[in-house]
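All residue numbers refer to positions in the sequence shown, counting from 1. These values consider heavy atoms only, across backbone and side chains, with no hydrogens, waters or symmetry-generated copies.
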Amino acid sequence: MTDITNIPLNKLAQFEGNVRKTQNKGFIDELAASIRAHGLQQNLIVKKEGKTFAVVAGSQRLKALLQLAKAGDIRPTHPVPCKIADSDIDASEISLVENVMRDDMHPADEFEAFRDLIDKGLPIADIAARFGLSETVVIQRLKLARVSPAVLKAYREKKLTLEQVMAFAVSDDHAAQEHLLENLHPNNRDPRTIRDALTENEIAASDRRVKFVTLKAYEKAGGATRRDLFSAGEDSVFILDAALLDTLAAAKLERAAKPVAEEGWKWLEIHPAFGYEYKAQYQRLYAQPAPLTASEQKKLDKLQEENEKLTDEWSESDDDQKYPERLDELERLIAEFEDREGVWTPEQLAMAGAVVTIGDDGKAHIERGLARPEDVPTKKAKAKSGNSSGPDEAAADDEQSPALSAALVESLTAHKSAALAAELVQRPDIALATVVHAFASRVLLDGVSGENVLQIAVSPQSLHRVEGSKALGQMEAARQKWGGKIPADAGGLWTWCLEQKQAVLLDLLAFCTAASIDAVQGKSHRPESERLCHADKLAAAVGLDMKPWFTPDAANYFSRVSKPQIFEALREAKGQPPAPAWEKLKKAELAQEAERQLAKTGWLPALLRPAA
């Protein structure tokens with residue numbers, strides 16, 4: 001190549017064989033700004049083509065110069081320093097060498113270079129203009145340059161990614177950054193984890209209190225904030241005056257509580273946070289359906305009579321009899337009566353209270369009908385005969401609380417019983433203990449131990465109530481497995497048992513024990529009976545978790561409980577009040593909506609949760 005020669009800009013042209021096919025307009029803009037401020041710092045390499053010179057190396061610099069000429073910042077004849085390539089050297093090869101044989105500056109070096117310019121007193125706006133960057137980009141690079149030197153060192157050594165360094169920049173505390181860097185778990189180093197760890201004691205604008213007060217109101221009241229330059233939305237803003245935020249939230253909650261105070265509750269409290277652990281301290285009462293007028297009651301009675309009559313006629317008709325569409329209409333009309341708005345009775349208002357709190361949506365939320373245990377009248381003790389009460393006594397208790405129907409209790413506990421059996425199949429050790437316990441209770445305790453969850457007479461329990469369930473499928477698979485292994489007659493089975501290893505007998509014992517489990521609570525069974533209490537102990541022993549075995553849906557649960565109970569399930573599972581629009585849904589529609597909302601939450605009815 002020859003020495004550097006100045007060639008007029010209008011004599012330069014793009015080289016069609018340039019290996020760089022993709023151009024970055026943003027970089028061209030930055031390059032043009034840099035050339036305007038600092039001049040062209042690197043010459044171009046050209047090859048003569050007729051009366052012009054093709055730029056074989058430096059096409060992006062040429063584009064930046066042409067952009068400056070078009071803007072009027074330089075003349076079209078502006079002299080450009082160039083080297084003319086030898087004619088015997090392949091121009092495409094020169095283009096490739098220019099783009100491949102380079103070592104870009106490490107980003108950390110670039111961050112620190114910008115920091116040094118700022119420290120020398122150069123304004124951010126000037127730096128942005130001279131390098132063709134936005135002021136935000138300059139501020140971000142300055143922020144990255146000011147993280148702990150230990151973090152930048154780890155970045156240079158490729159122990160951290162740029163995204164992780166950005167996460168460290170959320171805090172200005174070098175000591176905290178270095179402590180976290182030293183203690184980062186090898187398998188949990190994602191930026192979100194880093195950012196959360198450095199801001200765990202700070203209040204983000206996504207906090208329910210900030211949503212409630214609003215960021216605008218907080219700042220208007222003089223509240224200071226800090227922003228994360230590398231995040232967007234509410235998570236990028238942090239509240240610096242927690243005391244002011246709490247004061248503003250308390251004042252707004254007081255205003256929201258005024259109309260509730262006029263409702264006549266025994267007590268009213270304000271709590272900015274009111275999670276499930278607090279709700280569990282209270283017994284929840286539910287508004288009772290508004291009384292029907294004489295006319296409404298008469299109409300409902302007629303609808304129910306017609307529904308019962310039509311149902312009986314259809315059930316007793318031939319199999320090919322078409323389903324009466326009128327039944328659907330009757331069900332809808334009856335549901336309108338059943339789903340009418342509830343009202344709080346004077347007895348409930350005198351017994352219970354309300355809590356004004358902030359929901360997860362950042363809005364005031366009212367929890368009504370919360371009764372303290374000492375304010376709830378206790379049930380009178382009843383004389384016991386035997387180990388369980390009769391159907392009449394159980395029904396009487398059901399009338400005193402909004403409990404689940406006896407049929408639903410039986411259905412849910414049938415699922416629990418089946419799941420308990422399926423779990424026990426996998427635990428021969430627990431099955432052996434269960435059988436020994438049952439035998440020892442009868443033989444050594446003179447049969448005074450009462451009912452046992454294991455039916456020691458060994459009668460396989462029917463699982464017809466849980467057709468199609470996962471537990472039933474597993475039990476049937478185990479039944480088929482053993483049915484194919486053992487002889488078909490009792491005599492052959494005895495010989496077979498004597499020949500088996502202890503491990504095989506334990507596995508078979510586990511299945512037979514499981515198949516004899518009865519943890520179903522029927523209408524006449526008291527939940528505190530010895531058999532059901534023993535079922536809870538056995539469930540605890542095998543670590544029974546009903547979530548893999550039962551998912552509440554419209555058919556098996558929500559359509560079989562009241563609307564207030566559905567709303568309570570939604571509140572428990574989602575930690576926030578149901579959407580206002582749901583209040584207007586019919587019972588069937590609400591049941592379907594609850595199924596969709598709670599499908600993946602793992603929520604279970606209290607009856608299927610582990611015993612305390």
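With W482 as the fixed residue, the side chain to side chain contact (heavy atoms under 4.5 Å, CB included) test singles out one of R479, K485, Q480: K485.
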**Asked** Can you check salt bridge (charged side-chain N to carboxylate O under 4.0 Å, His left out) on E305 and K302, steps first, answer last?
**Response** CA-CA 5 Å; E305 289 174 8; K302 287 184 177 181; over 6 Å; no

**Asked** Given D207 and R209, is the salt bridge (charged side-chain N to carboxylate O under 4.0 Å, His left out) satisfied, shown in steps?
**Response** CA-CA 5 Å; D207 187 280; R209 290 169 294 172; 3.0 Å; yes

**Request:** Go through R368 and E263 one step at a time and tell me if the side chain to side chain contact (heavy atoms under 4.5 Å, CB included) criterion holds.
**Result:** CA-CA 10 Å; R368 294 178 172 86; E263 295 176 6; 2.8 Å; yes

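Other residues, nucleotides and ligands contribute more than 12 heavy atoms inside 6.0 Å of the CZ atom of R372. Around CD of E331, the count of heavy atoms belonging to other residues, nucleotides or ligands within 6.0 Å does not exceed 12. Residue-environment remark: CD (E308) stays at or below the threshold of 12 foreign heavy atoms within 6.0 Å. When the shell of 6.0 Å around NZ of K299 is examined, it contains 12 or fewer heavy atoms from other residues, nucleotides or ligands.
Contact check for Q283 versus P373: no side-chain heavy atoms found under the 4.5 Å cut-off. Using a 4.5 Å heavy-atom threshold, the side chains of L300 and Q304 count as touching. Between K363 and I358 the shortest side-chain heavy-atom distance does not fall below 4.5 Å. Taking 4.5 Å as the limit, every side-chain heavy atom of R531 sits out of range of all side-chain heavy atoms of H534. Side chains of Q348 and K266 form no contact here, defined as non-hydrogen atoms less than 4.5 Å apart. Residues N556 and S411 are not in side-chain contact: their nearest non-hydrogen atoms beyond the backbone lie 4.5 Å or more apart. Using a 4.5 Å heavy-atom threshold, the side chains of P552 and F558 count as touching. Within the 4.5 Å cutoff, no side-chain heavy atoms of K587 are placed close to those of Q592.
Annotation: the span from L408 atom CG to Y557 atom OH amounts to 6.5 Å, rounded to 0.5 Å. Rounded to the nearest 0.5 Å, atoms CG (N307) and CD1 (I334) are 4.5 Å apart. If you take CG on L349 and CH2 on W344, they are separated by 8.0 Å, rounding to the nearest 0.5 Å. Rounding to the nearest 0.5 Å places CG of L303 at 9.0 Å from CD of E329. Of the inter-residue distances, the one linking E476 atom CD with K481 atom NZ reads 14.0 Å to the nearest 0.5 angstrom.
Minimum heavy-atom separation, M351 to L285: SD-CD1, 3.8 Å. Closest of all the heavy-atom pairs between T357 and L253 is O-CD2, 3.8 Å. Residues A594 and I566 come closest through the heavy atom pair CB-CG2, 3.7 Å. Minimum interatomic distance between A256 and V356 (heavy atoms only, all atoms of both residues): CB-CG1, 4.2 Å. In terms of heavy-atom proximity, A591 sits nearest to S559 at CB-N, 3.9 Å. Considering all non-hydrogen atoms of both residues, A204 and V210 come closest at O-CG2, 3.6 Å.
The distance between the ring centers of W267 and Y282 falls below 6.0 angstrom.
Donor-acceptor pairing under 3.5 Å is recorded for the side chains of Q597 and E593. In summary, the side chains of E423 and W549 do present a donor paired with an acceptor at a separation below 3.5 Å, with no hydrogens or angles considered.
The pair E306-K309 does not count as a salt bridge, with every side-chain nitrogen at least 4.0 angstrom from each carboxylate oxygen. One finds a salt bridge joining D536 and K416 here, because a Lys/Arg side-chain nitrogen approaches an Asp/Glu carboxylate oxygen to under 4.0 Å. A salt bridge is defined here as a Lys NZ or Arg NE, NH1 or NH2 lying under 4.0 Å from an Asp or Glu carboxylate O, and R609 with E572 meets this definition.
The side-chain tip of K252 points at the ring of F212 from less than 6.0 angstrom away and within 45° of straight on.
With hydrogens and angles ignored, the 3.5 Å screen pairs a side-chain donor or acceptor of T413 with a backbone N or O of V409.
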